[in-house]
Amino acid sequence: MGVKLGILGLGTVGTGTVQLLQDLQGRHPLLQEVEICRIGVRSPDKSRPVTLPQEILSGDLSAIVNDPQIDIIVELMGGLEPARSLILEAIKNGKHVVTANKAVISRFGEEIFNAANAAGVYVMFEAAVAGGIPVIKTLKQSLSVNKVHSIIGIVNGTTNYILTRMQTEGSELEEVLADAQKLGYAEADPTADIDGLDAGDKIAILASLGFGERINLQDVYCEGIRQVTKTDIIYAGKLGFVIKLLAIAKNQTDDKSQLSVRVHPTLVSQTHPLASINGVYNAILVEGEPIGQVMFFGPGAGAGPTGSAVCSDILNLVATIKTNTAQANPLLSCRHKEYCHIAPISQLVTRFYARFLTKDHPGVIGKLGTCFGKYQVSLESVVQTGFQGEMAEIVVVTHDVKEGDFRQSLEEIHTMEAIDSIPSILRVL
Ligand SMILES: NC(=O)C1=CN([C@@H]2O[C@H](COP(=O)(O)OP(=O)(O)OC[C@H]3O[C@@H](n4cnc5c(N)ncnc54)[C@H](OP(=O)(O)O)[C@@H]3O)[C@@H](O)[C@H]2O)C=CC1
Ligand SMILES: N[C@@H](CC=O)C(=O)O
Ligand code: NA
């Protein structure tokens, strides 16, 4: 007997998933067991790029998760509600779940996985992080024998696409965002992409898998790309860097007491492997013991790549259903019990890039240096680079410094008569 799917959502990812399931030639034979039974959408009468019997589409999503003949619910609608309630309802009804919804998993993971464990079903979410890159299964299974030290990734396709085009074409953020939306990369509300929240959801999920405990999303520091300007991209280039939105989870000590989990635009050396990841591509660099460094690269968004990730989860569940094992597979279920302690951002030790607009007073650089010295900030490079109108522009890159100390030095610098403003403060990898 076939394995019956109920799919919630037929937008970019839903369409990619259905297209793959309708074109089985040359793919894994187990996919032939899959039968798309029902698809829930907001507007059943809208024209669609896939051909389906009209009776399959419905606006009643609750009826789909309560349909006793359905084995697997594939949630591809996005948003928090009704996605969360429909997933919980499906689990309660003994159905396995596949979802691409990182927002729901990162916020309601505890509730959802506890419910799934109690019901003896699996919740799979390969598509939720880095689209087509098989990073969830890799962390859960292939790398799980390692002690993970750090996970550093470009995990948002929209912002990487925008930053790449700002860098190569000198375009403005807003004009490139419209293209990312047309290409189906952006979230329904692209604020989640631009402000780093989508990457925050994803690094919370990756950190939880890498470090073996839950992550409270509120502890994840998130800064997006709104403040990244063409000016900074040009200065970064002159200093040998590119600017990337990085999602970082790093164990600063052996006992995980100083775990840092954060998202922010970052200056990355042009020679670093993440510097050359452009466009909608994502990459995740994992460092662990004994493996050392391993990097995953691939398309982070879009219908086909994300459909591939969704279908790989479906395939895993079909195999599980077909082999009919009564025992839960601990490599597929969630084993987390406790929450990780995350260090506040003020404790972070990192290098900084800062750009100052100053009145053209003599000795400004000396005054900046004296103030930095007071707060243990030492400078790696100082570039006085000309003028913006009446103002002289000074760019500095620091050595490693505790973020709290650096911020204190900036507060004092703000009060200096010679300083007009500090338009950019960015971290350096
Ligand atoms: N786009 C991408 O590249 C990627 C997206 N994701 C994730 O996949 C999920 C889906 O994203 P995407 O395909 O881009 O989203 P879309 O906005 O393209 O599609 C959403 C689909 O869900 C349906 N839908 C939304 N809300 C409701 C509702 N309340 N009731 C009924 N139907 C609803 C819509 O119906 P209708 O068609 O009638 O409007 C539409 O078919 C999100 O969680 C996203 O974060 C993950 C990786 C990559
Ligand atoms: N909006 C997301 C889609 C994939 O998760 C992105 O741009 O990465
Ligand atoms: Na993935």
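Positions are given from 1, in the same order as the sequence printed here. Ligands are counted one by one from 1 in listed order, and the atoms in each one are counted from 1 as well.
Among protein heavy atoms, atom 6 (N) of ligand 1 sits closest to K102 NZ, 3.6 Å. For atom 39 (O) of ligand 1, the closest non-hydrogen atom on the protein side is K46 NZ, 3.0 Å. The nearest heavy-atom contact from the protein to atom 4 (C) of ligand 1 is V13 CG2, 3.5 Å. At the shortest separation from atom 35 (O) of ligand 1 among protein heavy atoms lies R42 N, 3.1 Å. Here the protein heavy atom with the shortest distance to atom 48 (C) of ligand 1 is T306 OG1, 3.3 Å. The protein atom (non-hydrogen) at minimum distance from atom 14 (O) of ligand 1 is T12 CB, 3.7 Å. Here the heavy atom of the protein found nearest to atom 7 (C) of ligand 1 is A100 O, 3.3 Å. Protein heavy atom at the shortest distance from atom 41 (O) of ligand 1 is L10 N, 2.8 Å.
The G9 neighbourhood of ligand 1 comprises atoms 21 (C), 22 (O), 23 (C), 41 (O), with distances under 4.0 Å to a heavy atom of that residue. Residue-ligand proximity, A127 to ligand 1, at heavy-atom distances under 4.0 Å covers atoms 46 (C), 47 (C). Atom numbering of ligand 1 starts at 1 in the shown order; those under 4.0 Å from a heavy atom of A301 are 3 (O). Here is the list of ligand 1 atoms found below 4.0 Å of a heavy atom in N101: 43 (O).
Residue contacts with ligand 1: P82 is placed with no nitrogen or oxygen under 3.5 Å of a nitrogen or oxygen of the ligand (distance criterion only). The shortest N or O to N or O distance between A128 and ligand 1 is not under 3.5 Å. Between L61 and ligand 1, no N or O atom pair is found at a separation short of 3.5 Å. Between G11 and ligand 1, an N or O atom pair is found at a separation short of 3.5 Å. Checking only distances, D198 never comes within under 3.5 Å of ligand 1, N or O to N or O. Note: an N/O pair closer than 3.5 Å links G184 and ligand 1 by distance alone.
In this structure, T15 OG1 and L52 CG are separated by 9.0 Å, a value rounded to the nearest 0.5 Å. One distance of note links CD1 of I105 with CE of M124; it measures 11.5 Å at 0.5 Å rounding. With rounding to the nearest 0.5 Å, the separation of CG in N282 from CG in L274 is 10.5 Å. Atom CD of Q32 sits about 11.5 Å away from atom CG of L21, to the nearest 0.5 Å. Separation of atoms CD1 (I345) and OG (S260) is listed at 6.5 Å; rounding is to 0.5 Å.
V310 pairs with exactly one of V98, I7, L20 by the side chain to side chain contact (heavy atoms under 4.5 Å, CB included) rule, that one being V98. Here the rule is side chain to side chain contact (heavy atoms under 4.5 Å, CB included) with H264, and of I248, I225, L426 only I248 fits it. A side chain to side chain contact (heavy atoms under 4.5 Å, CB included) with T320 is found for exactly one of L332, V121, N329, namely L332.
In this structure, R262 forms no cation-pi arrangement with Y221, as its terminal cationic atom is not both closer than 6.0 Å to the ring centre and no more than 45° off the ring axis.
Nearest-residue assignment for atom 28 (C) of ligand 1 (options E187, M77, R48; heavy-atom criterion): M77.
Ring geometry for Y185 against Y161 counts as perpendicular: the plane angle is over 60°, on a 0 to 90° scale with 30° as the lower cut.
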Next on the checklist: As a quick check of understanding, evaluate salt bridge (Lys or Arg N to Asp or Glu O under 4.0 Å) for K182 and D179, giving each step before the final call.
Outcome noted: CA-CA 5 Å; K182 275 188 226 135; D179 288 343; 3.4 Å; yes
Next on the checklist: Between F125 and F113, does the ring-ring contact (aromatic ring centres under 6.0 Å, His included) criterion hold? Intermediate values first, please.
Outcome noted: CA-CA 12 Å; F125 48 98; F113 291 112; 5.6 Å; yes
Next on the checklist: Working note: C37 + Q69, criterion side chain to side chain contact (heavy atoms under 4.5 Å, CB included); need CA distance, chi angles, decisive distance, verdict.
Outcome noted: CA-CA 9 Å; C37 260; Q69 63 164 341; 4.2 Å; yes
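Judged by distance alone, with hydrogens and angles left aside, the side-chain atoms of K95 form a donor-acceptor pair with the main-chain N or O of I70 at under 3.5 Å.
Contacts of E126 with ligand 1, taken as heavy-atom pairs under 4.0 Å, are absent altogether. Proximity of T99 to ligand 1, defined as any heavy-atom pair under 4.0 Å, is not found for any part of the residue. When non-hydrogen atoms are compared, ligand 1 lies under 4.0 Å from neither the backbone nor the side chain of A188.
Protein heavy atoms are absent from the 4.0 Å sphere centred on atom 17 (O) of ligand 1. Under the 4.0 angstrom criterion, atom 37 (O) of ligand 1 counts as having a protein heavy-atom contact.
When the shell of 6.0 Å around CD of E338 is examined, it contains 12 or fewer heavy atoms from other residues, nucleotides or ligands. Around NZ of K250, the count of heavy atoms belonging to other residues, nucleotides or ligands within 6.0 Å does not exceed 12.
Using a 3.5 Å distance cut-off with no hydrogens or angles, the side chains of D232 and Y353 do pair a donor with an acceptor. No hydrogens or angles considered: nothing links the side chains of S106 and K202 as a donor-acceptor pair under 3.5 Å. Counted by atom type alone, E89 and S85 present zero donor-acceptor pairs between their side chains at under 3.5 Å. Remark: the D189 side chain and the T191 side chain contain an N/O donor-acceptor pair separated by less than 3.5 Å.
No heavy atom of G79 sits closer than 4.0 Å to any atom of ligand 1.
Seen from the Na ion (ligand 3), atom O of G131 and atom O of E126 lie 100° apart in angle, a value rounded to 10°. V129 contributes O and I133 contributes O; the angle these two atoms make at the Na ion (ligand 3) is 110°, rounded to 10°.
Within the coordination shell of the Na ion (ligand 3), defined by N, O or S atoms under 3.0 Å, P134 is absent.
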Check each N or O atom of ligand 2 against all protein N or O atoms and list the pairs under 3.5 Å, with atom names and distances to 0.1 Å, one per line.
| unit_1 | atom_1 | unit_2 | atom_2 | d |
| --- | --- | --- | --- | --- |
| ligand 2 | 1 (N) | Y185 | O | 2.7 |
| ligand 2 | 1 (N) | E187 | OE2 | 2.8 |
| ligand 2 | 1 (N) | D193 | OD1 | 2.7 |
| ligand 2 | 5 (O) | K102 | NZ | 2.6 |
| ligand 2 | 5 (O) | K202 | NZ | 2.8 |
| ligand 2 | 7 (O) | G157 | N | 3.3 |
| ligand 2 | 7 (O) | T158 | N | 2.8 |
| ligand 2 | 7 (O) | T158 | OG1 | 2.6 |
| ligand 2 | 7 (O) | Y185 | O | 3.2 |
| ligand 2 | 8 (O) | G157 | N | 2.7 |
| ligand 2 | 8 (O) | K202 | NZ | 3.1 |

